[in-house]
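Take a look at the structure below.
In each ligand, atom 1 is the first atom listed, and ligand 1 is the first ligand listed.
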Amino acid sequence: MSLQGTFSPPGDKSISHRVVLFSLLAPGRMEVEGLPLGQDVQTSLRAVESLGGRVAAANGRTLIQGPGPGTTDRISLDCGNSGTTMRLLMGLLAGRPGEYILDGDASLRRRPMERIAEPLRLMGAEISCTEGGCPIRITGRPLQGISYTLPVASAQLKSAVLLAGLQAQGMTRIKEPAPSRDHTENLIRDWGGYLKTDPDGMRMEPWALNPPSRIRIPGDISSAAFFLCAAAILPGSRVTAQGVLLNPTRTGFLKILERMGADLKIEIKGETPEPWGDITVCYRGPLSGCRVAPKEIPGLIDEVPILALAATQAQGETVFRDIRELRIKESDRASALTDQLGAMGAKMKIQGDDLIVNGPTALKPAPGLDSLGDHRMAMCLRLALVLAKADRPPAEIAIAGEECAKISYPGFREDLKRLLS
Ligand code: S3P
């Protein structure tokens with residue numbers, strides 16, 4: 001069994017959240033092409049509507065009328081499963097007059113929010129978290145810019161501070177311990193803001209954003225990663241992801257696949273404003289294990305589950321160094337991987353802060369597989385079952401909560417069925 005053909009993943013989730021949520025600072029009408037239908041981005045759209053924005057669908061596009069800066073009396077916002085919605089909203093609402101309660105589902109309630117509240121409080125924000133997480137109460141207040149060194153390389157944390165900084169008095173300066181995805185910086189610049197990056201970090205002045213009237217969202221490289229990595233390990237495969245985001249802060253997993261010996265071709269087709277294009281992966285032979293350094297992790301954090309699955313099929317040891325951030329995603333993905341793939345026979349362990357995988361291992365179907373409500377675990381486990389059965393479709397083996405894949409990739413099962421030949 002191999003994967004054959006082309007696919008177009010849904011629009012990039014990280015960029016989409018930002019385009020939608022930035023409308024809270026930018027009045028005006030945008031026509032957005034390629035906004036994904038996955039639950040997470042819909043959650044951001046609902047939040048913008050609750051805060052006075054207008055959203056409509058027309059000709060396969062989404063029309064967003066941003067409310068711009070304004071006042072709200074008292075409002076509760078449901079961030080569902082989406083950490084990006086909640087953390088970006090924290091930065092956006094900290095300086096917006098009004099009273100806000102932010103809450104989410106059971107998974108979001110377990111995730112740390114205090115580390116976002118901390119720098120925002122230094123800027124003058126009034127925020128209280130419940131036991132370090134949500135529900136969160138924010139009373140919007142005037143803010144001042146700060147100089148802040150991020151304790152972890154987190155794009156969500158960086159974005160919250162930048163979004164608060166856009167509304168603050170004076171300059172905001174940020175240093176990050178390692179580069180993380182830079183969509184917030186790119187959009188601020190693209191929408192006319194003042195943001196400069198140099199080896200010392202970035203500095204930004206408060207600015208009124210001016211969005212373009214038309215925006216096109218490229219395909220989500222993190223969704224594409226599932227079939228691209230699977231093609232590198234399923235003999236005879238050749239798969240092309242079409243029209244996907246190629247921002248270098250997001251393509252870290254491609255470097256790792258290459259390091260493991262995969263055959264891949266990248267074709268840049270445009271920059272609107274971030275680079276996008278096609279990626280083709282052809283099966284070339286067994287992969288080899290490799291080391292992934294701590295500073296590489298932020299650039300592939302969402303791809304660790306599928307890379308770890310690839311590592312179970314590679315010759316020798318693969319070490320993902322310092323995966324602490326993986327433990328606070330939609331599930332504790334480090335334990336989820338060792339438990340669930342371990343049950344299928346994978347040789348995988350956590351040692352200190354590292355994830356270590358030894359291969360190659362013939363995976364076997366196991367009863368009681370569980371996505372733990374984590375969309376990326378659901379897709380990783382489904383592909384593990386494809387590998388485990390190798391010669392026939394995987395339809396009849398259940399993964400608990402598998403439908404949560406729709407949070408980021410509603411058409412995942414259909415695309416898988418089509419690509420499997
Ligand atoms: C995201 C940043 C990452 C990533 C998440 C989306 C973003 O989280 O895991 O899926 O859109 O900024 P951290 O920045 O917390 O690492």
Side-chain angles (χ1 to χ4, degrees), residues 9-22 35-36 38-41 43-44 47 79-92 104 107-108 110-119 132-134 150-163 174 176-188 217-218 220-226 245 247 249-253 274 294-307 320 322-334 336 373-380 404-405 407-409:
D12 188 73
K13 192 156 82 67
S14 283
I15 295 184
S16 298
H17 276 301
R18 285 161 173 77
V19 164
V20 170
L21 292 172
F22 281 28
L35 207 68
Q39 267 174 11
D40 257 21
V41 174
T43 297
S44 284
C79 299
N81 188 252
S82 175
T84 312
T85 306
M86 179 164 283
R87 293 179 174 136
L88 267 54
L89 275 177
M90 288 172 76
L92 283 161
S107 147
L108 196 57
R110 283 193 296 270
R111 300 180 67 185
M113 298 297 157
E114 188 58 35
R115 69 184 188 184
I116 314 285
E118 234 166 66
C134 64
L150 303 179
V152 281
S154 158
Q156 295 181 347
L157 173 56
K158 171 176 66 178
S159 299
V161 177
L162 286 172
L163 291 170
I174 297 180
E176 36 180 3
S180 62
R181 65 191 70 190
D182 59 2
H183 310 305
T184 296
E185 297 92 301
N186 293 340
L187 266 192
I188 289 175
I217 313 274
D220 196 329
I221 179 128
S222 297
S223 298
F226 287 92
L245 178 70
N247 175 326
T249 63
R250 294 286 298 285
T251 52
F253 79 98
E274 300 209 2
K295 67 174 186 325
E296 293 180 299
I297 296 290
L300 49 78
I301 186 74
D302 292 339
E303 290 68 67
V304 174
I306 191 63
L307 281 174
F320 297 90
D322 193 355
I323 42 78
R324 274 175 293 174
E325 286 294 300
L326 202 61
R327 310 200 78 148
I328 51 170
K329 295 297 174 190
E330 285 82 334
S331 67
D332 171 349
R333 286 186 181 150
D374 181 334
H375 53 126
R376 298 200 202 280
M377 282 308 301
M379 293 185 275
C380 176
C404 70
I407 285 170
S408 60
Y409 198 161

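When side chains are defined from C-beta on, F253 does not count as touching D302, because their heavy atoms never get closer than 4.5 Å. In this structure, V152 and E176 have side chains that are not in contact, with every pair of non-hydrogen atoms separated by 4.5 Å or more.
Checking side-chain atoms of K158 against main-chain N and O of A153 turns up no donor-acceptor pair under 3.5 Å.
Ligand 1 has at least one atom lying under 4.0 Å from a heavy atom of R18.
The pair D12-R250 meets the salt-bridge criterion, with a side-chain N (NZ, NE, NH1 or NH2) lying under 4.0 Å from an Asp/Glu carboxylate O. Using a 4.0 Å cut-off between charged nitrogen and carboxylate oxygen, D220 and K13 do not count as a salt-bridge pair. Comment: R115 engages E325 in a salt bridge, judged by a side-chain N to carboxylate O separation of less than 4.0 angstrom. A salt bridge does not link E330 with R376: every distance from a Lys NZ or Arg NE/NH1/NH2 to an Asp or Glu carboxylate oxygen is 4.0 Å or more. Salt bridge status for R333 with D374: present, with a side-chain N to carboxylate O gap under 4.0 Å.
The closest protein non-hydrogen atom to atom 1 (C) of ligand 1 is Q156 NE2, 3.5 Å.
Atoms of ligand 1 found under 4.0 Å from any heavy atom of I301, numbered from 1 in the order shown, are 9 (O). Close approach of ligand 1 to S154 is summarised as follows: ligand atoms under 4.0 Å from at least one heavy atom of the residue are 13 (P), 14 (O), 15 (O). Atoms of ligand 1 found under 4.0 Å from any heavy atom of T84, numbered from 1 in the order shown, are 6 (C), 11 (O).
Annotation: S14 places an N or O atom under 3.5 Å from an N or O atom of ligand 1; distance criterion only. Taking only nitrogen or oxygen atoms, main chain and side chain alike, A155 reaches within less than 3.5 Å of ligand 1. For the pair R376 and ligand 1, the shortest N or O to N or O distance does not fall below 3.5 Å. In terms of polar-atom proximity, defined here as any N/O pair under 3.5 Å, D302 does make such a contact with ligand 1.
Neither the backbone nor the side chain of H17 has any atom closer than 4.0 Å to an atom of ligand 1 (non-hydrogen atoms only). If you look at H183 next to ligand 1, there are no close heavy atoms at all, none under 4.0 Å. Heavy atoms of K329 found under 4.0 angstrom from ligand 1 belong exclusively to the side chain.
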